Structures are given as C-alpha cells and as structure tokens.
Amino acid sequence: MPFDLSSALAQKKADGLYRERRTLASPQGTRVVVDGRRLLNFCSNDYLGLANHADVTAAFVAAAQHYGAGSGASHLVCGHSAEHEALEQELAAFTGRERVLLFSTGWMANTAVIQALCGAGDAVFEDRLNHASLIDGGLASGARFQRYRHNDMAQLAAQLQQSAARQKLIVTDGVFSMDGDVAPLPALARLAAEHDAWLMVDDAHGFGVMGATGGGVAEHFALDAAALPVLVGTLGKSFGSFGAFVAGDAALIEFLINSARAYIYTTALPPAVAAASRASLALLRDGHDLRARLAAHVSRFRAGAASLGLELMPSDTPIQPLLLGSNERALAWSAALQARGFLVGAIRPPTVPAGMARLRITFSAAHETADIDALLLALAECQAGEVA
Ligand SMILES: *Cc1c(COP(=O)(O)O)cnc(C)c1O
C-alpha cells in the first residue's frame with residue numbers, strides 16, 4: 001500500500017495525539033447533549049451565548065425563507081446578496097474602517113490575505129503561537145517567512161532591522177487562541193511604523209469580548225486603520241454565526257476583491273448566514289451586560305483556581321488554559337471531567353508546543369455562577385485524586 005495510514009494512526013494513538021469527534025444532539029450552548037449524555041460545556045468559543053440566540057435564529061430563518069438555502073455562486077459572479085452587502089457595511093461602521101470584505105471562513109480570510117499581499121521578495125513576520133491558518137498563509141505566500149518568540153518585541157525588532165525585503169508584513173493573533181493572552185499591539189504598531197511594515201491582526205477571539213462595544217483588541221487599544229491596516233475577525237466565535245471578515249481602507253478591500261484567490265474562487269456564504277450575523281452584530285455591540293457577566297465568570301474562576309493551587313496561564317480573557325504538560329495527563333483530566341459531567345477539551349501538539357498540553361477551559365456569558373463553582377469542585381476532585 002503506497003500510503004501506510006494505519007501505522008500513522010497507530011503511532012498517533014501511541015503518542016496520545018489521536019483526535020476523535022464527539023457528536024452533539026443539541027444546539028451549541030452551556031448544556032450540550034454529547035454522544036447521548038448531557039454535559040456542562042466549557043470548551044465552546046460561543047463566548048456570548050449567541051450561537052443559539054432566538055433573535056439570531058429568527059433572522060436566519062427569515063432570510064432563508066426569502067433567499068433560500070444557497071448563494072449559488074461566488075461574490076464576483078452572482079452570489080453577492082443584499083444581506084452580504086448590508087453586513088459588510090455594518091461591520092465597517094462597527095470596526096471604524098472604510099470597508100469590510102466577507103470571507104467564507106477565518107481560515108480562508110487569513111491565508112487569502114497574506115498570499116494576496118505578500119510574495120517573493122517580501123517578508124512575513126509571525127508570532128510563534130499564531131493560529132495555524134496564519135502560519136500556513138505565511139508559508140504558502142512565497143515571501144521570506146520568519147517567526148519570533150511569543151510576544152518578543154526585541155526579537156521582532158531585530159528581525160525587522162535586518163530585513164531587506166521590499167514589503168514587510170507583521171502578523172499576530174489579537175487574543176491568542178490557545179493561551180488566552182493578548183498581543184502587545186501598541187508596541188507592534190510602533191515597530192511596524194518604525195520599520196515601514198504593515199500590521200495584520202487576526203482577532204478571532206477578541207471581537208465580542210474586548211473593547212467597550214465588543215470591537216476587540218483594535219477598540220481596546222484604540223488602533224485605527226493607519227496603525228492597524230489589516231484587521232481580521234471571524235463570525236463563528238463570539239458572533240455565534242459563521243464566516244469571517246477583513247476590515248481596512250477601501251484600497252485594501254478593492255485589492256483583495258481583485259486578488260485574493262480564496263475570495264474569488266469560492267461560493268459566497270448563504271445569505272441567511274449573513275443575516276444571522278447582522279442580528280448577532282447588534283446583540284454583540286450592545287452586549288455590555290454579557291461582557292460584564294463573562295468577566296465576572298473569569299474572575300471567579302481565576303480566584304477559585306488560584307486558591308486550589310492550579311497552574312493557570314496569564315490570561316484575563318474567557319480562554320483559561322490549565323497547563324498539564326504531557327498529552328496523557330491532559331487526556332486523563334479531560335476524561336475525568338467528562339465522567340463528572342463536564343466537557344473540556346484536551347489540547348495537544350501540534351496545536352500547542354510539545355510538553356505544553358492543556359485543558360482549554362472557556363467561559364460563556366450564558367454560564368451560571370453555579371456552573372463555575374461546579375467546575376472548580378470537579379477540578380479540585382481531579383487534583384486530589386490526580387484524576388480517575
Ligand atoms: C477559529 C480561528 C480561525 C479560523 O476561523 P474559522 O472561521 O473557524 O475558519 C482563525 N484564527 C483564529 C485565531 C481562530 O481561533
């Protein structure tokens with residue numbers, strides 16, 4: 001057999017790296033039915049509880065009744081509907097950018113943008129802990145690809161200083177997806193300005209959560225399009241919907257419409273998905289109470305975990321990883337939590353570096369305070385018995 005897939009899979013099992021899907025029989029939410037069991041969910045990215053919000057679902061249904069299920073073509077052929085257009089304009093106003101361009105997924109937005117902007121003769125600088133889609137986009141661009149240590153501004157400055165590239169693009173997660181910490185964006189924007197580089201931020205986990213109106217890290221640090229020219233957001237996390245967007249100046253958006261291959265050569269999102277995102281944008285923008293509730297859950301959890309002596313990572317966001325080290329240990333804790341009725345994923349390499357496996361615990365505004373306390377109690381039991 002030319003490809004020995006069975007031994008590759010057996011090796012993954014032996015290394016504690018095998019991945020399996022669970023099947024949900026319920027909507028996304030804090031209570032999910034998984035493989036027939038009801039579990040309290042602490043691993044979703046639905047931070048504001050909008051994925052199953054009545055207004056969002058109603059907008060989806062109404063638009064599906066008007067537009068049908070599919071968009072029928074790419075945006076440039078005949079798939080660009082009034083719902084897409086309205087969502088782009090509303091997101092542009094929300095982000096304070098001239099224009100916004102919708103993409104079908106965040107993965108596609110990231111790879112498409114880096115590949116459209118950069119090629120041979122250019123240089124891409126990326127944080128080591130960037131999302132896989134940013135790494136792959138940088139590698140595939142043909143530009144010189146350089147990684148810097150996580151949030152290490154001195155190393156990045158040295159790399160920029162030494163670079164003779166024609167165009168330079170610095171790329172970072174806004175909120176790091178597996179660590180929960182925030183990129184030092186004012187410093188990154190300063191470095192970009194000093195070295196005549198552009199800054200691109202993927203804020204998949206910041207939108208909805210950070211900033212006074214949920215505008216993410218750009219709003220939190222008050223970075224306009226001059227300081228942060230390429231701002232990416234995804235609609236599948238806090239927005240509770242699906243898809244992604246790039247926000248920036250009109251020239252950037254027109255250039256992407258004319259050059260980004262993952263934009264040009266793919267079917268537009270269903271219009272109903274865009275309609276659902278419009279409803280969730282309104283809820284997210286006005287979701288001050290949701291953000292306050294979420295922040296209270298995070299503080300309560302961090303205080304409780306600290307008093308148990310659990311090793312949390314330095315994060316103030318709803319992503320609260322519990323570092324466990326080995327793959328086996330992360331899997332054992334995840335299994336022990338599941339046995340107690342909690343759904344928390346074990347995150348292992350290559351998603352995180354080897355030896356840094358962890359439970360990625362995430363919170364939602366839809367959680368109850370009692371849910372946080374129940375999770376802390378279960379973690380205390382796992383710790384006391386070192387699982388089982
Ligand atoms: C989830 C995620 C993406 C991918 O977005 P999708 O819309 O799910 O493809 C990109 N970047 C980061 C940081 C993410 O967490």
Side-chain angles (χ1 to χ4, degrees), residues 19 21 28 43-48 50-51 56 84 87-88 91 100-115 124 126-140 147 150-151 169-183 185 188 199-210 214 216-218 220 228 230-247 260-263 266-270 273-274 276-277 280-281 284 313 315 317-321 345 347-348 350-353 358 360-364:
R19 295 166 188 241
R21 301 173 303 171
Q28 189 58 243
C43 56
S44 174
N45 299 313
D46 180 24
Y47 303 119
L48 298 180
L50 300 182
V56 178
H84 297 121
L87 175 59
E88 287 184 347
L91 285 169
V100 153
L101 190 66
L102 287 178
F103 280 80
S104 295
T105 71
W107 184 283
M108 292 166 76
N110 284 337
T111 53
V113 169
I114 300 173
Q115 288 184 261
V124 175
E126 298 209 20
D127 190 292
R128 277 201 176 281
L129 297 189
N130 274 357
H131 189 263
S133 55
L134 296 171
I135 303 283
D136 280 20
L139 287 170
R147 279 185 249 201
H150 183 47
N151 288 340
L169 182 67
I170 304 168
V171 183
T172 183
D173 279 23
V175 172
F176 285 87
S177 57
M178 297 299 134
D179 292 63
D181 60 339
V182 178
L185 287 171
L188 282 161
L199 178 60
M200 168 173 173
V201 173
D202 168 8
D203 204 19
H205 299 275
F207 275 107
V209 169
M210 294 187 66
V217 293
H220 177 80
L228 170 42
V230 189
L231 177 59
V232 178
T234 64
L235 300 167
K237 283 151 186 164
S238 282
F239 282 87
S241 171
F242 187 79
F245 62 91
V246 178
R261 292 164 69 81
Y263 182 78
T266 201
T267 301
L269 286 172
V273 172
S277 298
S280 68
L281 172 58
L284 179 148
M313 299 178 68
S315 161
T317 67
I319 302 167
Q320 291 291 325
I347 307 292
R348 293 156 287 156
T351 310
V352 292
R358 65 198 66 175
R360 179 177 178 269
I361 299 167
T362 55
F363 296 98
S364 164

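As a basis for the values below, the full set of heavy atoms in this structure was taken, side chains included, without hydrogen atoms, waters or symmetry mates. Order of listing sets the numbers, starting from 1, for every ligand and every atom in it. Bear in mind that the values here come from a model prediction, so they are computed numbers and not experimental data.
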**Report entry** Gly106 neighbourhood, listing ligand 1 atoms whose heavy-atom distance to it stays under 4.0 Å
**Finding:** 4 (C), 5 (O), 6 (P), 7 (O), 9 (O)

Query raised in the report: Quick one: which of Val201, Thr172, Asn130, Asp202 has a heavy atom closest to atom 13 (C) of ligand 1?
Result: Asp202

**Report entry** Lys237, any N or O under 3.5 Å of ligand 1 N or O
**Finding:** yes

Report summary line: ligand 1 to Thr105, heavy atom cutoff 4.0 Å, flagged ligand atoms 7 (O), 9 (O)

Report task. Within a distance under 4.0 Å of any heavy atom of Ser177, pick out the atoms of ligand 1 and give their elements. Result -> 15 (O)

Query raised in the report: Taking all atoms of both residues into account, what is the closest heavy-atom pair of Ala51 and Asp46, and its distance?
Result: N-OD1, 3.1 Å

Requested in this report: Heavy atoms only: give me the nearest Leu102-Glu88 pair and the separation to one decimal.
Outcome: N-OE2, 3.0 Å

Query raised in the report: Does Tyr263 offer a backbone N or O that forms a donor-acceptor pair with the side chain of Thr266 under 3.5 Å?
Result: no

Report task. Could you list which atoms of ligand 1 come closer than 4.0 Å to a heavy atom of Ser133? Result -> 10 (C)

Report summary line: Here the atoms of ligand 1 under 4.0 Å from any heavy atom belonging to Ala204 are 11 (N), 12 (C), 13 (C), 14 (C), 15 (O)

Report task. With heavy atoms of Asp173 as the reference, note each atom of ligand 1 found under 4.0 Å away. Result -> 13 (C)

Query raised in the report: Touching ligand 1 at all, Gly236? Heavy atoms, strictly under 4.0 Å?
Result: no

Report task. Please check if the side chain of Ser315 supplies one atom and the backbone of Gln320 the other of a donor-acceptor pair under 3.5 Å. Result -> no

Query - From the candidates Phe176, Phe242, Trp107, the one that places a heavy atom nearest atom 9 (O) of ligand 1 - result: Trp107

Requested in this report: Would you indicate whether the side-chain heavy atoms of Leu91 and Phe239 approach each other to under 4.5 Å?
Outcome: yes

Query raised in the report: Which atom pair, heavy atoms only, marks the closest approach of Gly206 to Val175?
Result: CA-CG2, 3.8 Å

Query - Exam field: side chain Ser280 to backbone Val56, donor-acceptor pair closer than 3.5 Å - result: no

Query raised in the report: Is the shortest N/O to N/O distance between Ala244 and ligand 1 below 3.5 Å?
Result: no

Query raised in the report: For ligand 1, which atoms, with element, lie under 4.0 Å from some heavy atom of Thr234?
Result: 5 (O)

Query raised in the report: Looking only at N/O atoms, are His205 and ligand 1 under 3.5 Å apart anywhere?
Result: yes

Query raised in the report: Just checking, any donor-acceptor pair under 3.5 angstrom between side chains of His150 and Asp181?
Result: yes

Which side-chain N or O atoms in residues 128-136 pair as donor and acceptor under 3.5 Å with protein atoms at least two apart or in another chain?
| residue | atom | partner | partner atom | Å |
| --- | --- | --- | --- | --- |
| Asn130 | OD1 | Asp173 | N | 3.1 |
| Asn130 | ND2 | Glu126 | OE1 | 3.0 |
| Asn130 | ND2 | Val171 | O | 2.8 |
| His131 | ND1 | Ser133 | N | 3.1 |
| His131 | ND1 | Ser133 | OG | 2.7 |
| Ser133 | OG | Asn110 | ND2 | 3.0 |

Report task. Applying side chain to side chain donor-acceptor pair (under 3.5 Å), name anything that partners Ser104, two or more places apart in sequence or on another chain. Result -> none

Query - Residue portion contacting ligand 1 (non-hydrogen atoms closer than 4.0 Å) for Leu235 - result: neither

Requested in this report: Go through ligand 1 atom by atom and flag the ones less than 4.0 Å from a non-hydrogen atom of Asn110.
Outcome: 10 (C), 11 (N)

